[in-house]
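Structure first, then comments.
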Amino acid sequence: MTDHDWVGWHDDYDRPGSPLRERLLVVRRWVRLALDEGAERVVSLCAGQGRDLLPVLAEHPRRGLVRARLVELDDRNVRLARAGAPEGVEVVCADAALTSAYLGAVPADLVIACGIFGNLCDDDVERTVTVLPQLCAPGATVIWTRHRREPDLVPAICAWFERERFERVHLEGGAGHCVGVHRYTGPPRGLEPGGRMFTFR
């Protein structure tokens with residue numbers, strides 16, 4: 001991951017009308033709804049600068065009740081996220097693919113897995129979906145994203161989620177991207193430290 005400019009990648013978030021900004025606004029809407037519905041423990045994988053969670057949390061009336069862990073490997077993004085993180089939010093510089101990075105922060109009520117699936121091989125996307133229940137409390141919301149370029153993997157991703165006892169809540173696309181929202185309906189699954197969910201291509 002170190003060969004890519006993951007700080008500059010965020011620039012499109014600030015460009016009006018860009019597909020990445022449009023995707024961000026959809027993700028924020030669902031983050032806000034999850035907080036409205038009572039989510040108090042949050043984890044964010046490959047969190048970058050925390051743009052999807054931190055601005056929503058800063059304005060939310062329940063922000064004082066929320067405990068969140070953002071996991072990000074790029075130390076520059078970690079510093080930027082920490083600068084904007086309110087009390088109750090920890091930003092950890094670690095490999096978000098490793099299950100050990102979530103010790104003490106799960107099971108979570110809201111799991112954010114955005115900007116990940118488009119950078120993985122198909123097998124790693126499936127493996128990640130298979131492991132996500134370990135991060136989830138019963139009833140947890142998972143928000144994820146994926147592009148719609150051919151071959152379109154979104155139908156398969158939805159099938160993998162549903163195989164793992166996630167109920168589809170919403171699927172929203174636009175400008176080549178898709179935001180998926182699934183709710184975990186299965187039993188608690190303990191976190192297995194030392195596992196790896198994915199490797200970025």
Side-chain angles (χ1 to χ4, degrees), residues 1-2 6 27 30-31 34-35 37-54 56-57 62-63 65-82 84-120 123-146 157 160-161 163-167 169 179-200:
M1 293 174 62
T2 54
W6 292 108
V27 171
W30 284 98
V31 167
L35 297 177
E37 292 178 343
E40 293 186 359
R41 301 191 77 179
V42 183
V43 293
S44 180
L45 292 66
C46 298
Q49 298 170 11
R51 300 276 197 101
D52 41 19
L53 173 65
L54 297 180
V56 177
L57 190 56
R62 300 184 60 258
R63 59 187 176 275
L65 300 174
V66 175
R67 297 294 176 265
R69 180 178 295 175
L70 282 61
V71 184
E72 168 60 34
L73 189 57
D74 189 295
D75 60 348
R76 300 164 301 166
N77 281 328
V78 168
R79 289 194 297 271
L80 289 166
R82 284 176 178 164
E87 185 177 355
V89 175
E90 59 174 336
V91 184
V92 177
C93 189
D95 187 347
L98 302 179
T99 55
S100 298
Y102 306 94
L103 282 168
V106 296
D109 307 308
L110 172 61
V111 177
I112 303 171
C114 296
I116 300 175
F117 291 164
N119 295 291
L120 310 183
D123 286 347
D124 274 6
V125 176
E126 182 176 9
R127 182 179 300 108
T128 300
V129 173
T130 300
V131 175
L132 281 176
Q134 297 181 30
L135 307 185
C136 291
T141 298
V142 176
I143 304 172
W144 56 274
T145 60
R146 167 75 185 202
I157 294 172
W160 295 332
F161 268 107
R163 183 190 66 196
E164 297 301 324
R165 305 282 298 275
F166 286 90
E167 175 186 44
V169 176
V179 177
V181 183
H182 276 80
R183 179 168 292 117
Y184 184 55
T185 63
R189 296 193 199 174
L191 183 69
E192 298 176 11
R196 170 172 286 277
M197 291 181 273
F198 57 82
T199 300
F200 264 51

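All values below come from the heavy atoms of this structure, side chains included, with hydrogens, waters and symmetry mates left out. Residue numbers count from 1 along this sequence.
Closest non-hydrogen pair, Ala137 versus Pro107, comes out as N-CB, 3.5 Å. Across all non-hydrogen atoms, the minimal contact from Ala39 to Val66 is O-CG2, 3.9 Å. Closest non-hydrogen pair, Pro188 versus Pro138, comes out as CG-CG, 3.8 Å. The two atoms that bring Cys136 and Ala140 nearest to each other are CB-CB, 3.8 Å, heavy atoms only. Nearest heavy-atom pair across Leu57 and Pro86 is CD2-CG, 4.1 Å.
Between the side chain of Thr185 and the main chain of Arg165, a donor-acceptor pair closer than 3.5 Å is present. A donor-acceptor contact shorter than 3.5 Å links the side chain of Thr99 to the backbone of Glu192. The closest donor-acceptor contact from the side chain of Ser100 to the backbone of Pro193 lies at 3.5 Å or more, if one exists at all. Of the possible polar contacts, one joining the Tyr102 side chain to the Ala96 backbone as a donor-acceptor pair under 3.5 Å is found. Side-chain N or O atoms of Arg183 include none that pairs as donor or acceptor with a backbone N or O of Val169 at under 3.5 Å. Thr145 places a side-chain N or O within donor-acceptor distance of the main-chain N or O of Gly115, the cut-off being under 3.5 Å. Of the possible donor and acceptor atoms, one in the side chain of Arg69 sits under 3.5 Å from a partner among the backbone N and O of Ala101. Here the side chain of Asn77 pairs no donor or acceptor atom with the backbone of Gln49 at under 3.5 angstrom.
By the 4.0 Å N-to-carboxylate-O rule, Asp123 lies too far from Arg127 to be salt-bridged with it. For the pair Arg163 and Glu126, the salt-bridge criterion is met [side-chain N within less than 4.0 Å of a carboxylate O].
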Between Arg189 and Glu164, is the side-chain contact (heavy atoms from CB on, under 4.5 Å) condition met? List the steps. CA-CA 11 Å; Arg189 296 193 199 174; Glu164 297 301 324; 3.2 Å; yes

Derivation of the side-chain contact (heavy atoms from CB on, under 4.5 Å) call for Leu110 and Ile143: CA-CA 8 Å; Leu110 172 61; Ile143 304 172; 3.8 Å; yes

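One distance of note links OG1 of Thr128 with CG of Leu45; it measures 8.0 Å at 0.5 Å rounding. Rounded to the nearest 0.5 Å, atoms OG1 (Thr141) and CG (Asp109) are 8.5 Å apart. Rounding to the nearest 0.5 Å places CG of Asn119 at 4.5 Å from CZ of Phe200. Atom OG1 of Thr199 sits about 5.5 Å away from atom CG of Asp124, to the nearest 0.5 Å. A distance of 7.5 Å separates CG in Leu70 from CG in Asp52, rounded to the nearest 0.5 Å. Between the CG atom of Asp95 and the CD atom of Glu72 there is a distance of 10.0 Å, given to the nearest 0.5 Å.
The shortest distance between side-chain heavy atoms of Cys114 and Trp30 does not fall below 4.5 Å. Using a 4.5 Å heavy-atom threshold, the side chains of Phe117 and Ile157 count as touching.
The aromatic rings of Tyr184 and Phe166 sit tilted, their planes meeting at an angle between 30° and 60°.
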